[in-house]
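Sequence positions, counted from 1, serve as the residue numbers for this chain.
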Amino acid sequence: MKTSLLKLLLMLTTLLHCISSSAALTVSPNRSQFFEGDSVSLSCEDEDSSAGWTLRRNTTTETRTPCDEWGEGSGSTCNMSHMVPQDSGVYWCESSQAAASQSINLTVPGGSVILQSPVLPVMEGDPLTLSCRSKHGSRLPAAFYKDGSLMGTEPGGHMTILHVSRSDEGLYRCNISSHGESPSSWISVTEPVASATRLPPPHLPLLLSAASIAGLVAVTILVLLVRRRLGGKTEGGASEDVTYSDVEMFHKQQLLRQHTEFPAKPQVVYSSVKTLSLQSNH
């Protein structure tokens with residue numbers, strides 16, 4: 001019972017640490033494809049600045065390289081002022097405790113046509129605008145494709161889906177006649193947040209503080225319960241920290257107490273028998 005309580009305390013502490021160590025990766029501008037020479041800013045947003053978040057990426061030539069090797073970092077923000085095709089890859093936030101955010105894919109094709117589509121998930125019910133851009137001109141007629149099927153051709157190079165649904169999730173690309181075709185990019189759609197849980201930004205710190213206080217109270221109650229179970233008191237009356245060594249010592253004390261309350265029966269030896277025999281003869 002006592003060991004189970006200690007394990008439960010450890011699990012709860014780990015859970016609270018994981019909750020407080022979550023971060024969101026933001027991208028500005030919010031798109032997945034870039035022309036060579038474009039700039040982009042990536043940031044790790046988290047309420048706990050002590051987690052030590054940093055940007056990392058995987059490319060065809062690099063693995064888990066930090067921001068200072070491919071961009072200009074400032075705190076939890078990383079900027080790339082002149083992107084090149086070698087910057088194409090997977091990007092994410094990682095904390096000093098090895099916790100990670102969601103990952104995104106950025107593409108620098110090096111060609112003359114790109115599809116401007118959001119790299120971050122789109123909430124279900126929100127509008128989605130796709131733009132087909134060429135280095136050689138703007139607002140050119142463009143054909144848009146989803147999962148390989150033609151969606152339609154727009155004379156201004158823009159297509160808007162007014163209310164996104166989960167069925168709109170997929171791979172998108174575009175084509176401008178005589179200019180070229182863009183790479184494909186995946187667009188994710190997430191479920192809407194319930195209206196009852198949508199709080200104004202000023203209330204968010206209060207909500208997080210309440211959750212933190214509740215977690216600390218739960219941990220405190222568990223610690224007090226374990227101390228009471230194990231009798232964790234020093235001779236002076238001060239409480240001790242409960243560890244697994246305390247559990248082992250408690251077990252040894254129980255065994256010693258049992259041995260004292262139920263002592264083993266004395267063994268009968270030859271000298272005792274001889275003494276008894278002489279007393280009988282007298």
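With values rounded to the nearest 0.5 angstrom, His179 atom NE2 is found 12.0 Å from Cys174 atom SG. Note that CD of Glu94 is 8.5 Å distant from CH2 of Trp53, once rounded to the nearest 0.5 Å. Separating the CG atom in Leu162 from the CG atom in Asp126 is a distance of 11.5 Å, to the nearest 0.5 Å. Between the CG atom in Leu130 and the CD1 atom in Ile187 there is a gap of 5.0 Å [rounded to 0.5 Å]. Taking CD of Glu181 as the reference point, atom CG of Leu115 lies at 10.5 Å (rounded to 0.5 Å). Separation of atoms CG (Asp38) and CE (Met80) is listed at 10.5 Å; rounding is to 0.5 Å.
A single hydrophobic cluster is not seen to contain both Met159 and Tyr145; linkage of ILVMFWY side chains at heavy-atom distances under 4.5 Å, directly or through other members, places them apart. Under the 4.5 Å side-chain heavy-atom criterion for ILVMFWY residues, no single connected hydrophobic cluster contains both Trp92 and Val119.
In this structure, the side chain of Ser134 engages the main chain of His136 through a donor-acceptor pair within 3.5 Å. With hydrogens and angles disregarded, no donor-acceptor distance shorter than 3.5 Å links the side chain of Ser74 to the backbone of Thr77. Between the side chain of Asn58 and the backbone N or O of Gly89, no donor-acceptor pair lies under 3.5 Å. Judged by distance alone, with hydrogens and angles left aside, the side-chain atoms of Asn105 form no donor-acceptor pair with the main-chain N or O of Val90 at under 3.5 Å. No donor-acceptor distance shorter than 3.5 angstrom exists from the side chain of Asp87 to the backbone of Val108, with no hydrogens or angles considered. Thr107 places no side-chain N or O within donor-acceptor distance of the main-chain N or O of Ser88, the cut-off being under 3.5 Å. A distance-only check finds a donor-acceptor pair linking the side chain of Ser76 to the backbone of Cys44 [under 3.5 Å]. Between the Glu169 side chain and the Val189 main chain, a donor and an acceptor come within less than 3.5 Å of each other. No donor-acceptor pair closer than 3.5 Å links the side chain of Arg133 to the backbone N or O of Ile114.
The side-chain hydrogen bond (donor to acceptor under 3.5 Å, both in side chains) test with Asn79 singles out one residue from Ser41, Ser28, Ser43, Ser39, and that residue is Ser41. Screening Gln116, Arg173, Gln33 against Ser185 for a side-chain hydrogen bond (donor to acceptor under 3.5 Å, both in side chains) leaves a single residue, Gln33.
A pairwise comparison of heavy atoms in Leu120 and Asn30 identifies N-OD1, 3.2 Å as the closest pair. Heavy atoms only, all atoms of each residue included: Gly110 and Glu36 are closest at CA-OE1, 4.5 Å. In terms of heavy-atom proximity, His158 sits nearest to Ser131 at ND1-OG, 2.7 Å. The shortest heavy-atom contact between Phe144 and Leu150 is O-CD1, 3.4 Å.
Using a 4.5 Å heavy-atom cutoff, the side chains of Val40 and Arg31 are not in contact. Between Val122 and Asp168, every side-chain heavy-atom pair lies at or beyond the 4.5 Å cut-off. At a threshold of 4.5 Å between non-hydrogen side-chain atoms, the residues Leu55 and Cys93 count as touching. For the pair Ser182 and Tyr172, the minimum side-chain heavy-atom distance is 4.5 Å or more.
The 12-atom threshold is not exceeded at CD of Glu72, counting heavy atoms of other residues, nucleotides or ligands nearer than 6.0 Å. Environment of NE2 in His163: sparse, with no more than 12 heavy atoms of neighbouring residues, nucleotides or ligands closer than 6.0 Å. Glu191 CD: 12 or fewer foreign heavy atoms inside a 6.0 Å radius.
Ring geometry for Trp70 against Tyr91 counts as perpendicular: the plane angle is over 60°, on a 0 to 90° scale with 30° as the lower cut.
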Should Val113 and Cys132 be marked as a side chain to side chain contact (heavy atoms under 4.5 Å, CB included) after you check the CA-CA gap, both sets of side-chain angles, and the distance that decides it?
CA-CA 7 Å; Val113 177; Cys132 198; 3.8 Å; yes
